[in-house]
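Chain naming here is simple, since letters A, B, ... match the order of the sequence lines and numbering starts at 1 in each. When reading the values below, keep in mind they use all heavy atoms of this one structure, side chains included, and skip hydrogens, waters and symmetry mates.
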There are 2 protein chains.
Amino acid sequence: MNSEHIDVRQHILDTAKPIILGKGFSAVGLNEILTAANVPKGSFYHYFKSKEAFGEALLEHYFANYCERLDSIFNTQDATAGERMLAYWASWLETQSCDDRDGQCLTVKLAAEVSDLSESMRGSLLRGTEQLLARIALCLSEGERDGSLPHYANCEQTALQLYEMWLGATLLTKIRRDRSALEAAMQSTRFILKMN
Amino acid sequence: MNSEHIDVRQHILDTAKPIILGKGFSAVGLNEILTAANVPKGSFYHYFKSKEAFGEALLEHYFANYCERLDSIFNTQDATAGERMLAYWASWLETQSCDDRDGQCLTVKLAAEVSDLSESMRGSLLRGTEQLLARIALCLSEGERDGSLPHYANCEQTALQLYEMWLGATLLTKIRRDRSALEAAMQSTRFILKMN
DNA sequence: CGCAACTAGACGACTGGTCTAATAAAGGAT
DNA sequence: ATCCTTTATTAGACCAGTCGTCTAGTTGCG
């Protein structure tokens, strides 16, 4: 019934994610996804109104998950805001530098390709990245208060600077296929956070 | 004859660039490119061995052009290295924030999509970005010497930090469709260059 | 039983990249 | 100038694959 409904829908999304992380959005056909998920084609259009709507759902789900993970890092009270901040970027480095699909960043993979292709998917990306940025900025301001981070003229601006840098580093990692770009970002981050 | 040969080939590349800048690599068919260029389909495989080889040529040509433009900015002796540096990033901001296709950045558009798709295109991107980084790092070190920029522990590291930030900012610009991300990058850049 | 949710997969109309076979052009030799 | 060879260029066939539709069939709950 309803739980089954959600299961199949979710199963399609879960199966699709690593495939799309590998090949992108346009280059993957529904066939490939559906045979991998053992779901017949007829079902797909029962759960999603179109490939585009499916892509939007994929992103929406991705960001929901991501924000949860983010909160579990940022809401710990066992560490200073500075330590939490550093832990976040360290986890970014690890997840993006290893070859494990599924852990990789959908934002980096799809942003450029999809933003010009679909307004609704661009909307998902926009909302998702704004949420992310808000959480980073919040943690920075907490760091100002608990003294674990320096005082910034503008937390939003600093959060944006960091996020931009890590997005770019992840993009370069796709080109380089090594950790160098991410490690450089880590070093710069330590410096910006004055935690080196 | 031979000059004609190169002309047609070049004409295909020139026509393709804005189209691919808009839709990406996989989502664009040869048909669309070739009809736009008024070149029959059969001719394509006379000039390029495959779509992938064509993509590689596109990137190769793009970076060759880009490096020329870069050199024309960086080799001016009328300005300090710091001013040249700032002029470069300012031009990045302008070209990437306006809607004008053709001026936009192929690296940002294609890196994520293509790096996992084609080794040869990834190779082009790798060589191109390394050239770019080398030029930026060189300009930074000239700035150290002529006193227009601060002394950096490592010019390559700083160049990489800046480039990563601007790549990320450009990616975010595709999502946001406004100048905010690039302007934030500009502000951070001024700060890093100590030119604010 | 009835009605909804869901599955099955054939089908249509089309586009994808690739390749072979035919044509056009060019160059050289007589 | 004419013929022949050789290369440059093109037309279109080819088939696998695309997204999306649609009808039949199955399942399961009230």
Q: For the side chain of A:His46, starting at C-beta, report the closest nucleotide among D:dT9, C:dC6, D:dA11.
A: C:dC6
Q.
Does B:Lys41 contact C:dG17 through a side-chain donor or acceptor facing the base, at a distance under 3.5 Å?
A. yes
Q: Answer yes if the side chains of B:Ser188 and A:Gln157 hold a donor-acceptor pair under 3.5 Å, and no otherwise.
A: yes
Q. Looking at C:dG17, D:dT9, D:dT18, which one has an atom nearest to any side-chain atom of B:Tyr47?
A. D:dT9
Q. Whole Å only: how far is the CG atom of B:Leu34 from the P atom of C:dT18?
A. 12 Å
Q) Parallel, tilted or perpendicular: which fits the ring planes of B:Trp92 and B:Tyr88, with parallel below 30° and perpendicular above 60°? A) perpendicular
Q) Does a side-chain N or O from A:Ser43 land closer than 4.0 Å to OP1 or OP2 of C:dC6, or not? A) no
(Q) Measure NZ/B:Lys51 against C1'/C:dC19 and give the value in whole Å, please. (A) 17 Å
Q. Would you say the side-chain atoms of A:Gln96 pair up with the backbone N or O of A:Thr173, donor to acceptor, closer than 3.5 Å?
A. no
(Q) Under 4.0 Å, counting only non-hydrogen atoms across every strand here, what does A:Val28 touch: a base, just sugar-phosphate, or nothing? (A) sugar-phosphate
Q | Proximity to the side chain of B:Tyr45 - top-ranked nucleotide from D:dT10, D:dT21, C:dT18 | A | C:dT18
Q: Starting from C1' on C:dG17, measure out to CG on B:Leu117 and report it in whole angstrom.
A: 13 Å
Q. Whole-Å distance between C:dA5 C1' and A:Asp7 CG?
A. 15 Å
Q: Find the distance B:Leu30:CG to D:dT10:C1' and express it as a whole number of Å.
A: 15 Å
Q. Does a donor on one side chain and an acceptor on the other come within less than 3.5 Å for B:Ser118 and B:Glu52?
A. yes
(Q) Rounded to whole Å, how long is the line connecting atom CZ of A:Phe48 with atom C1' of C:dC6? (A) 14 Å
Q.
Using a 4.0 Å heavy-atom cut-off, does A:Gly42 contact any base of the nucleic acid, only the sugar-phosphate backbone, or nothing at all?
A. base
Q: Starting from P on C:dC6, measure out to CD1 on A:Ile12 and report it in whole angstrom.
A: 11 Å
Q: Consider the side chain of A:Asn31, meaning its heavy atoms from C-beta on, and name the nucleotide among D:dT18, C:dT18, D:dG20 that approaches it most closely.
A: D:dT18
Q: Please work out which of the three classes, parallel, tilted or perpendicular, describes the rings of B:Phe44 and B:Phe54, given edges at 30° and 60°.
A: perpendicular
Q) For A:Arg9 and C:dC6, what is the distance between atoms CZ and P respectively, to the nearest whole Å? A) 11 Å
